[in-house]
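What you see is a predicted model, and the numbers here were worked out from it, not measured in a lab.
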Amino acid sequence: MSLEVKHVENGNLFHLTVIYAKCKPVLRRPLWEVLRQKSSICSVPWCVIGDFKVIASVEEKIGGIPFQMSKSLDFLSMMEDCGLVDLGFYGPKVTWSNGRGQCSIVWKKLERGLANAHWLEAFPAATISHLASAESYHNPLLLELHKRQDNVKKYFKFLNCWVDNNNFLPVVFES
């Protein structure tokens, strides 16, 4: 589901796409294509949030069979093709559990928020929180569009910048 929304405080128009993906990887591919098509025509801030039913790295899974990168490639490719980045999160590391007993329980980070560059510019202080779940195997997400204080110094950090003698030097620029 995609919505066009106007932020009441700053007046920014943005798109919000809410995801509930299919369980089987092959059945998620049409969704990835829809997101690719939307990204090609989307020129406003865009956030994609929800249950993607896939993990992006080994750190996003605890228990069960070992992580298989091949199961994440379609998702990671879609993210790159769409210019989407993970917004990160506050709260528990995982958002889903299979709810099984102690010896066969599996935890994964299946829910997440992704955003394009326009979103990162328009809502640099936006946060995603993983909330506690009471009745589901999934943890709900909370997206908050915080208003950034204009009097706060803004820093850009560029890591691994080249300097003389082919050495790396972290560089910080203040705007």
Side-chain angles (χ1 to χ4, degrees), residues 1-22 27-57 59-60 72-96 108-161 170-175:
M1 174 172 68
S2 286
L3 307 166
E4 185 173 83
V5 183
K6 187 173 188 178
H7 193 277
V8 293
E9 287 184 15
N10 65 16
N12 285 346
L13 182 70
F14 64 91
H15 289 188
L16 179 67
T17 301
V18 182
I19 299 295
Y20 187 75
K22 301 282 187 182
L27 298 177
R28 289 191 293 263
R29 288 183 185 142
L31 173 60
W32 303 157
E33 288 307 314
V34 167
L35 294 175
R36 282 182 176 98
Q37 290 171 3
K38 180 162 178 60
S39 74
S40 69
I41 59 170
C42 188
S43 60
V44 298
W46 180 36
C47 181
V48 185
I49 188 170
D51 181 358
F52 290 85
K53 297 277 193 306
V54 63
I55 61 175
S57 69
E59 293 84 18
E60 296 181 354
S72 302
L73 291 178
D74 285 342
F75 173 67
L76 296 171
S77 175
M78 175 277 298
M79 284 179 59
E80 184 176 336
D81 294 346
C82 294
L84 296 172
V85 296
D86 195 302
L87 290 173
F89 63 92
Y90 293 97
K93 180 179 173 179
V94 294
T95 62
W96 173 87
K108 295 179 182 179
K109 180 188 174 204
L110 300 180
E111 284 80 14
R112 69 183 69 239
L114 308 174
N116 67 4
H118 298 299
W119 174 275
L120 299 174
E121 284 179 33
F123 303 105
T127 60
I128 301 250
S129 296
H130 296 170
L131 303 178
S133 176
E135 299 291 326
S136 173
Y137 293 123
H138 294 267
N139 291 36
L141 301 180
L142 175 63
L143 171 63
E144 294 182 277
L145 304 180
H146 302 285
K147 193 173 180 182
R148 184 176 69 188
Q149 302 295 328
D150 287 336
N151 59 352
V152 174
K153 288 185 180 179
K154 302 168 197 103
Y155 292 93
F156 295 94
K157 189 172 187 178
F158 298 91
L159 299 177
N160 299 334
C161 294
V171 178
V172 179
F173 295 96
E174 183 179 330
S175 64

Salt-bridged, R112 to E60, with N to O below 4.0 Å?
yes

Check: F14 ring centre within less than 6.0 Å of H118 ring centre:
no

What do the steps show when you test M1 against Y20 for side chain to side chain contact (heavy atoms under 4.5 Å, CB included), and what is the final call?
CA-CA 9 Å; M1 174 172 68; Y20 187 75; over 6 Å; no

Close side-chain approach of L143 and L16, heavy atoms under 4.5 Å
yes

Electrostatic pair R28:D74 at N-O distance under 4.0 angstrom:
no

I need the L87 CG to L120 CG distance, nearest 0.5 Å.
6.5 Å

Does L114 reach the side chain of I49, with side-chain heavy atoms less than 4.5 Å apart?
no

side-chain hydrogen bond (donor to acceptor under 3.5 Å, both in side chains) with K38: which residues, sequence neighbours excluded?
H15

Any side-chain to backbone donor/acceptor pair from K93 onto E59? Under 3.5 Å, distance only.
yes

Using side-chain heavy atoms (C-beta onward) and a distance below 4.5 Å, is L31 in contact with I19?
yes

Please collect all side chain to side chain donor-acceptor pair (under 3.5 Å) contacts where either partner lies in residues 40-49, sequence neighbours excluded, each pair once.
T17-W46

Rounded to the nearest 0.5 Å, how far apart are CZ of F75 and CG of L35?
9.5 Å

Are any side-chain N or O atoms of T95 and backbone N or O atoms of E111, one a donor and one an acceptor, separated by less than 3.5 Å?
yes

H7 vs F123 side-chain heavy atoms within contact, under 4.5 Å:
yes

Just wondering, do L84 and V48 contact through their side chains at under 4.5 Å, heavy atoms?
yes

Take L141 and S129, measure what side chain to side chain contact (heavy atoms under 4.5 Å, CB included) needs, and give me the verdict at the end.
CA-CA 6 Å; L141 301 180; S129 296; over 6 Å; no

Would you name the heavy atoms of S72 and I55 that are closest together and state the gap between them?
OG-O, 2.6 Å

Mind checking whether S77 and R36 have side chains closer than 4.5 Å, heavy atoms only?
yes

Could you tell me whether D86 and K109 have a side-chain N and a carboxylate O separated by less than 4.0 Å?
yes

So, do T127 and Y90 sit near enough that their side-chain heavy atoms are less than 4.5 Å apart?
yes

Contact check, side chains of L13 and E4, non-hydrogen atoms, under 4.5 Å
yes

Got a second to check how far W32's CH2 is from M79's CE, nearest 0.5 Å?
10.0 Å

Which atom pair, heavy atoms only, marks the closest approach of A21 to F52?
CB-O, 3.5 Å

G83 backbone acceptor or donor facing N116 side chain under 3.5 Å:
no

